[in-house]
Asks: 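This is the structure I want to talk about, given as structure tokens.
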2 protein chains.
Amino acid sequence: MGVTKTELFTAEQSRIAELAKAFAHPARVAILQHLAKTQSCICGDLVDVLPLSQATVSQHLKELSRIGIIKGNVQPPRVCYCINEAVWEEAKATFGALLALFEQNTCC
Amino acid sequence: MGVTKTELFTAEQSRIAELAKAFAHPARVAILQHLAKTQSCICGDLVDVLPLSQATVSQHLKELSRIGIIKGNVQPPRVCYCINEAVWEEAKATFGALLALFEQNTCC
DNA sequence: ATAGATAATCGCAATAGTACGATTAATAAA
DNA sequence: TTTATTAATCGTACTATTGCGATTATCTAT
């Protein structure tokens, strides 16, 4: 994306944006849905599930790790990825609160 | 972002990603928070609230409109923007369902 | 030690997103 | 009609993201 002036916004707004980025790409949505549903660690078979190359999947996993919403357990040559419960709860609370800010318009 | 292969994912996954993009930038979070809180239409004073130029704010408003989460009432020379209740509810339902997919890990 | 399996990383190409000054469009007010 | 006000759009510059082939790193099994 171009230059985002994060320093001009509150830490809360920046964190919301970061968490939202975890869901802002179909591939990452697919990864998170898969990890959430299978209730168990998934290793490289994410590559089989997704229509993307191993390199690209690895990149998305890295981004999700950076955000913190998933964590990886290395047990070479495999890596076991799963949802980070704490951050998932953070996302739940964050989006819950944000979306609760609005009920209905008194104007338009 | 580079080339997102949307055609390789489900319509649901793509819509989730699109809705998430509404929240995936601090400026758009700020805009949505402001529109949600003030409970009334805001016109150009969004530009005063945000640390960005008029052109940039207008661009973010356009993107939010494209996603559908806000709507604009033109009453020149002003434009009155407000939350689109239907899409806001869609976001609530969508993220609610998505975040409810996961409870806790049975592995890691 | 060698071979196999898995996943991270590098390097590259191409598109998307951010930001802003300047201009344009559209209307109200004078 | 002229002027002021407001917001969209254009053009440009630059950064971020996406994607993939190829390579590398790491560990297991033989």
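Because the structure is a prediction, the values reported are computed rather than measured. Each chain gets a letter, A, B and so on, in the order its sequence line appears, and its residues count up from 1.
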Asks: Identify which nucleotide among D:dA8, D:dG19, D:dT18 has an atom closest to any side-chain atom of B:S58, counting heavy atoms from C-beta outward.
Replies: D:dA8
Asks: Determine: side-chain N/O of A:K21 to OP1/OP2 of D:dA16, distance under 4.0 Å, yes or no.
Replies: no
Asks: Whole Å only: how far is the CG atom of A:D45 from the P atom of C:dA5?
Replies: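 So the CG-P distance, A:D45 to C:dA5, works out to 16 Å.
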Asks: With the threshold set at 4.0 Å, does a side-chain nitrogen-carboxylate oxygen contact exist between B:E12 and B:R15?
Replies: no
Asks: For B:S53 and for B:R66, locate the closest nucleotide of DNA chain C by heavy-atom distance; then report the residue assigned to the nucleotide nearer the 5' terminus.
Replies: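 Taking each residue's closest nucleotide, the earlier one in sequence belongs to B:R66.
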Asks: If I take atom CG in residue A:L61 and atom P in nucleotide C:dA7, what distance separates them, rounded to the nearest angstrom?
Replies: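 Whole-Å distance recorded here is 9 Å.
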Asks: Under 3.5 Å, is there any donor-acceptor pair linking the side chain of A:Q54 to the base of C:dA8?
Replies: yes
Asks: Run A:L8 and B:L50 through side-chain contact (heavy atoms from CB on, under 4.5 Å) and show every step you take.
Replies: CA-CA 9 Å; A:L8 298 180; B:L50 296 175; over 6 Å; no
Asks: For A:T56 and A:P77, find the nucleotide of DNA chain C closest to each by heavy atoms; which residue's nucleotide sits nearer the 5' end?
Replies: A:P77
Asks: Would you mind reading off the distance between A:N73 atom CG and C:dA8 atom P, rounded to a whole angstrom?
Replies: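 From A:N73 CG to C:dA8 P: 13 Å.
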Asks: Using the side-chain heavy atoms of A:V79, tell me which of these nucleotides is nearest: C:dA19, C:dA7, D:dG21.
Replies: C:dA7
Asks: Should the ring pair A:H60 and A:H25 be called parallel, tilted or perpendicular, given that the plane angle runs from 0 to 90° and is split at 30 and 60?
Replies: tilted
Asks: With respect to the phosphate group of D:dT17, does any side-chain polar atom (N or O) of A:H60 fall under 4.0 Å of OP1 or OP2?
Replies: no
Asks: Given C:dA8, is OP1 or OP2 found less than 4.0 Å from the side-chain N or O atoms of A:Y81?
Replies: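 The answer is yes; a side-chain N or O of A:Y81 sits under 4.0 Å from OP1 or OP2.
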Asks: Rounded to the Å, how far apart are A:L50 CG and C:dA7 P?
Replies: 13 Å
Asks: Starting at atom CZ of A:F9, determine the distance to atom P of C:dA19, rounded to an integer number of angstrom.
Replies: 6 Å
Asks: What is the minimum heavy-atom distance between B:S65 and B:Y81, and which atoms define it?
Replies: OG-CE2, 4.0 Å
Asks: Between B:K21 and B:E18 (salt bridge meaning N to carboxylate O under 4.0 Å), is one present in this structure?
Replies: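 No, this pair does not count.
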Asks: In terms of side-chain heavy atoms of A:Q59, which of C:dG17, D:dG19, C:dA7 is nearest?
Replies: D:dG19
Asks: Under 4.0 Å between a side-chain N or O of B:H25 and OP1 or OP2 of C:dA19?
Replies: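 Looking at the OP1 and OP2 atoms of C:dA19, one of them is under 4.0 Å from a side-chain N or O of B:H25.
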Asks: Can you tell me the distance, in whole Å, between the CZ atom of B:R78 and the P atom of D:dA4?
Replies: 16 Å
Asks: Distance check needed: D:dA16 P versus A:K62 NZ, whole Å only.
Replies: 14 Å
Asks: Rounding to a whole Å, what distance do you find between A:Q75:CD and C:dA5:C1'?
Replies: 14 Å
